[in-house]
Amino acid sequence: KARVDALLQEETELAGLLRAMAGRFTPPVPGGDLIRSTDVLPTGRNIHAFDPFRMPTEFACRDGAKQAELLLATHKTLPRTVALVLWGSDNIKSDGAPLAQALALIGAKPRFDSFGRISGADLIPLEELGRPRIDVVMTLSGIFRDLLPLQTRMLAEAAKKAAEADEPLELNYIRAHAWVYAQENGVDLETAALRVFSNAEGAYGANVNALVDSSAFGDEDELADAYEARKSFAYGVNGKAAANPALLQETLKTVDVAYQNLESVELGVTTVDHYFDTLGGISRAVKRARGGQEAAIYISDTTRGKGKVRTLQDQVALETRSRSLNPKWFEGMLKHGAEGVRQIEAQVTNTMGWSATTGKVEPWVYQRLSETFVLDEDMRARLADLNPTASSRMANRLLEAHDRNYWHPDAEMLAALQDAADALEDRLEGIAAE
Ligand code: BEZ
Ligand code: MG
């Protein structure tokens with residue numbers, strides 16, 4: 001710890017930059033997460049990411065299998081289909097542990113060639129697996145798709161091999177689902193077993209975050225539409241993408257569980273708008289595909305200890321208490337001035353993103369956010385002084401959440417919130433007129 005503290009005090013980045021610009025040697029260093037590996041210090045060196053031929057590592061496979069079992073142990077019944085959101089950065093930080101979870105759920109493992117390089121996926125025999133093969137819809141961020149083409153193909157191969165395995169249907173849900181789809185739609189089994197979905201080549205994100213940010217949706221099913229329009233490109237064992245919204249929709253009908261890993265203590269699901277864009281987006285698409293019946297939604301928090309699986313509702317509540325409403329957090333933010341207020345406002349908008357996509361935000365969350373940041377006069381004045389635009393947006397967002405029926409303040413509170421929003425808007429207009 002003393003060594004890390006000492007290294008963190010050093011100013012190495014500016015020196016490194018100047019050295020590189022002078023054309024001198026910049027020593028290499030593996031990139032990564034400081035909390036997982038202190039080898040990344042000192043910074044200011046030449047970061048190399050990872051060896052794509054060795055991901056997932058054996059350690060990541062063992063960890064992935066454990067996290068997958070933890071998920072299965074948390075959910076009351078054995079899911080038939082799991083929707084797993086995979087990000088590039090998360091996999092790079094952990095040598096592929098999240099993608100190894102997908103392999104574990106399917107009952108597969110990476111195959112290595114004679115040089116020890118990743119060359120595909122093989123099935124683990126059912127006797128060894130000890131449970132049915134679970135169907136897994138893997139939705140990749142555009143960044144994952146770009147950075148991890150070998151792994152994209154490996155995941156597609158795992159699903160294909162599972163569908164083609166001569167095994168009883170009650171022990172192999174991918175095969176069971178793919179068979180029915182192939183019969184009913186007159187396609188081959190390989191097409192029916194496509195389970196790796198992402199954006200079209202060159203495109204990123206589900207656009208659900210932009211719709212929430214700009215309040216540009218009416219019914220929440222419009223968010224499911226956006227998600228499907230963006231994320232329905234199926235990637236096959238050859239790594240090529242083809243639009244297949246019908247297959248995605250059919251596969252979503254059997255999803256009982258949707259989840260994503262949380263890989264970094266620096267971020268929570270309410271810190272940035274990408275979590276509700278991806279996990280929220282697919283959860284809404286599942287709900288619509290299942291005629292209004294929602295899937296269970298979990299966050300697999302692997303940031304400390306052995307890992308913990310939480311319901312999304314508990315995760316949002318936890319982050320509300322430990323970040324948004326925690327004076328240590330918001331006072332720290334406010335030291336950053338206008339940008340700090342923007343971060344607090346982002347927490348509120350991202351929280352509403354979870355209501356819009358999943359409905360898993362308890363009403364007290366909005367009530368306490370309103371009390372703390374808008375109805376408290378001193379705090380409201382502090383925020384407005386530092387960032388009048390973000391303050392006004394925050395008050396209006398809380399009102400929007402009420403308009404959309406995500407919480408139900410009593411008449412008195414609603415009136416106070418409306419008055420505060422009006423005052424903040426007047427103030428903004430005053431500034432614009434100056
Ligand atoms: C990714 O690494 O895949 C990612 C990072 C931030 C937002 C969305 C995706
Ligand atoms: Mg992990």
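Because the structure is a prediction, the values reported are computed rather than measured. Counting starts at 1 for both ligands and their atoms, in listed order. We number each residue from 1, following the sequence as shown.
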- [ ] Kindly confirm or rule out a cation-pi arrangement of Arg54 over Phe112, judged by NZ or CZ under 6.0 Å from the six-membered ring centre and within 45° of its axis?
- [x] no
Open item on the list: For ligand 1, give me the residues whose heavy-atom distance to it is below 4.0 Å, by chain and number please.
Closed with: Trp87, Gly88, Ser89, Ser141, Ile143, His274
Task: Flag side-chain contact, heavy atom, 4.5 Å: Ile344 against Arg323 - done: no
Task: Exercise: identify the closest heavy-atom pair between Arg145 and Ala200 - done: NH1-O, 2.8 Å
TODO: For the residue pair Gln67 and Asp63, establish whether any side-chain heavy-atom pair is separated by less than 4.5 Å.
DONE: yes
TODO: Please list all pairs passing the ring pair (Phe, Tyr, Trp, His ring centres under 6.0 Å) test where one or both residues lie in residues 213-252, with sequence neighbours left out.
DONE: none
Open item on the list: Using the ring centroid of each side chain, check whether Tyr406 and Trp354 are separated by less than 6.0 Å.
Closed with: no
